[in-house]
Amino acid sequence: MNVREILENITKEHASDIFVVAGRPLTYKVSGKMHTYQEERMKPDMCRDFVTAIYELADHRDISQFETTGDDDFSFAIVGVSRFRVSTYKQRGSYSAVIRIITFTLPQPSELMIPDAVMELANTNKGMVLVTGPAGGGKSTTLACLIDKINTEQEAHIITLEDPLEYLHTHKKSIVSQREICTDTENYLTALRASLRQSPDVILLGEMRDYETINTAMTAAETGHLIFSTLHTIGAANTIDRIIPAAQQHQVAVQLSMVLHAVVSQRLLPTTDGKMVPAFEIMVLTPAIRNIIREGKTHQIDGMIYTSTNENMLAMDTSIFRLYQKGIIDKKTALANASNPEMMSKKIGAI
């Protein structure tokens, strides 16, 4: 089994993910649909050989941590082919892996249909910008586009803290320091605290996994840094609720209302031609929304985004409806993903 050749062949199919799981053929995903690479089902020994070969391709990465704990995350590149983000795990005692394929070059934001209002967030001077949504929803790509825009247009020191590294940024107008958790530093919290002593202008925090990291990120935003990060939440209101713990609700709500600049929520939807397209919700912090956060009335946020006249604000249902209007997605997809399917149905019926 030539794993390098398999990865090369599947990359040529414009796949997003490869699945190595015992009991079914080697499978890859293109535009949200599963395809099999071969008909033969993967046996446990085949999976073991495949996963071991991946570790060898990744500059002979030490496989002992995975064998001991049953989980590992890392990335590697094959010159002239692509970068790959790998998550290895054990299931039913056998070796398994999900491999995300990451292109060497970032596509243009317009090709990815990222709105100008999202890309304008790269011009923010300080504060916190959160990009949220489900796993596999395109958050990392959106953030990479924002970092690339800053790198291209501004003279800054950008520090990225990622687990693992995905897109590699070359130095352009900015200096870009990319640190991989567990390889270059111990964990997100340690790296974030250290980064504040490294004269950063912009910090990309791959994920805010616990309250201590969130608190440190908010403090960094308070002291004049621009912080980009992600949360696995859907919608601005849910994101605010996730950040604010019940025990320190008022204190954290006041702090968050001051440092938060914007929340972008995104999800990928299937298009009429079998591809995937992102739909976005964009909440920019206005004085009224800052007040809502301080008072703990997050249930009012969705309505404020939907009725806002601010051109940089965008409700998820408005984004979905525009995709339907352009013929990019069909009615079934629009209704299935709408926050208010009844209202969406009326808007579609009125066309």
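What you see below is based on every heavy atom in this structure, not just the backbone, and it leaves out hydrogens, waters and symmetry mates.
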Checklist entry - Does Leu269 belong to the same Ile/Leu/Val/Met/Phe/Trp/Tyr cluster as Ile282, with side-chain heavy atoms less than 4.5 Å apart forming each link? => result no
Checklist entry - Side chains of Tyr167 and Thr141: is there a donor and an acceptor less than 3.5 Å apart? => result yes
Checklist entry - Crowded around Asn125 CG? As in, over 12 foreign heavy atoms under 6.0 Å? => result no
Next on the checklist: How about CZ on Arg61, more than 12 heavy atoms from neighbouring residues, nucleotides or ligands closer than 6.0 Å, or not?
Outcome noted: yes
Checklist entry - Would Thr333 and Asp330 count as having a side-chain donor-acceptor pair, cut-off 3.5 Å? => result yes
Checklist entry - Mind checking whether Val176 and Leu165 sit in one hydrophobic cluster, side chains of I, L, V, M, F, W, Y counted as touching below 4.5 Å? => result no
Checklist entry - Going through the distances and angles, do Ile114 and Cys145 end up as a side chain to side chain contact (heavy atoms under 4.5 Å, CB included)? => result CA-CA 9 Å; Ile114 300 175; Cys145 287; 4.0 Å; yes
Next on the checklist: Are there over 12 heavy-atom neighbours, none belonging to His250, within less than 6.0 Å of that residue's NE2?
Outcome noted: no
Item to check | Test: Glu212 and Arg193 ion pair at under 4.0 Å | outcome: yes
Checklist entry - Quick one: do Phe228 and Met119 end up in the same hydrophobic cluster if we chain Ile, Leu, Val, Met, Phe, Trp and Tyr together by side-chain heavy atoms under 4.5 Å apart? => result yes
Checklist entry - Are more than 12 heavy atoms from other residues, nucleotides or ligands located less than 6.0 Å from atom CD1 of Ile175? => result no
Next on the checklist: Salt bridge or not between Lys172 and Asp148? Use side-chain N to carboxylate O under 4.0 Å.
Outcome noted: yes
Checklist entry - Hey, which of Thr230, Thr213, Leu143 is the one that makes side chain to side chain contact (heavy atoms under 4.5 Å, CB included) with Leu205? => result Thr213
Checklist entry - Any side-chain heavy atom of Tyr89 within less than 4.5 Å of one from Val21? => result yes
Checklist entry - Would Phe50 and Leu26 satisfy side chain to side chain contact (heavy atoms under 4.5 Å, CB included), going step by step from the backbone distance to the final call? => result CA-CA 10 Å; Phe50 198 106; Leu26 183 66; 3.9 Å; yes
Checklist entry - Can the ring centres of Phe74 and Tyr55 be said to be less than 6.0 Å apart? => result yes
Next on the checklist: With a 6.0 Å cut-off (strictly less than), is the heavy-atom count around CG of Asp116, excluding the residue itself, greater than 12?
Outcome noted: no
Next on the checklist: Consider side chain to side chain contact (heavy atoms under 4.5 Å, CB included). Of Val118, Leu226, Leu204, which one does Val129 pass it with?
Outcome noted: Leu226
Next on the checklist: Can you confirm whether more than 12 heavy atoms, excluding those of Gln91, are under 6.0 Å from its CD atom?
Outcome noted: yes
Next on the checklist: Whether the Ser177 and Gln198 side chains hold a donor-acceptor pair (N or O, under 3.5 Å, no angle test) is what I'd like checked.
Outcome noted: no
Checklist entry - Got a sec: does the NZ of Lys90 have more than 12 other heavy atoms crowding it under 6.0 Å? => result yes
Checklist entry - With hydrophobic residues grouped by side-chain heavy-atom distances under 4.5 Å, do Met208 and Met283 end up in a single group? => result yes
Checklist entry - Taking the inter-plane angle between the rings of Tyr28 and Tyr37 on a 0 to 90° scale, is it parallel (under 30°), tilted (30 to 60°) or perpendicular (over 60°)? => result perpendicular
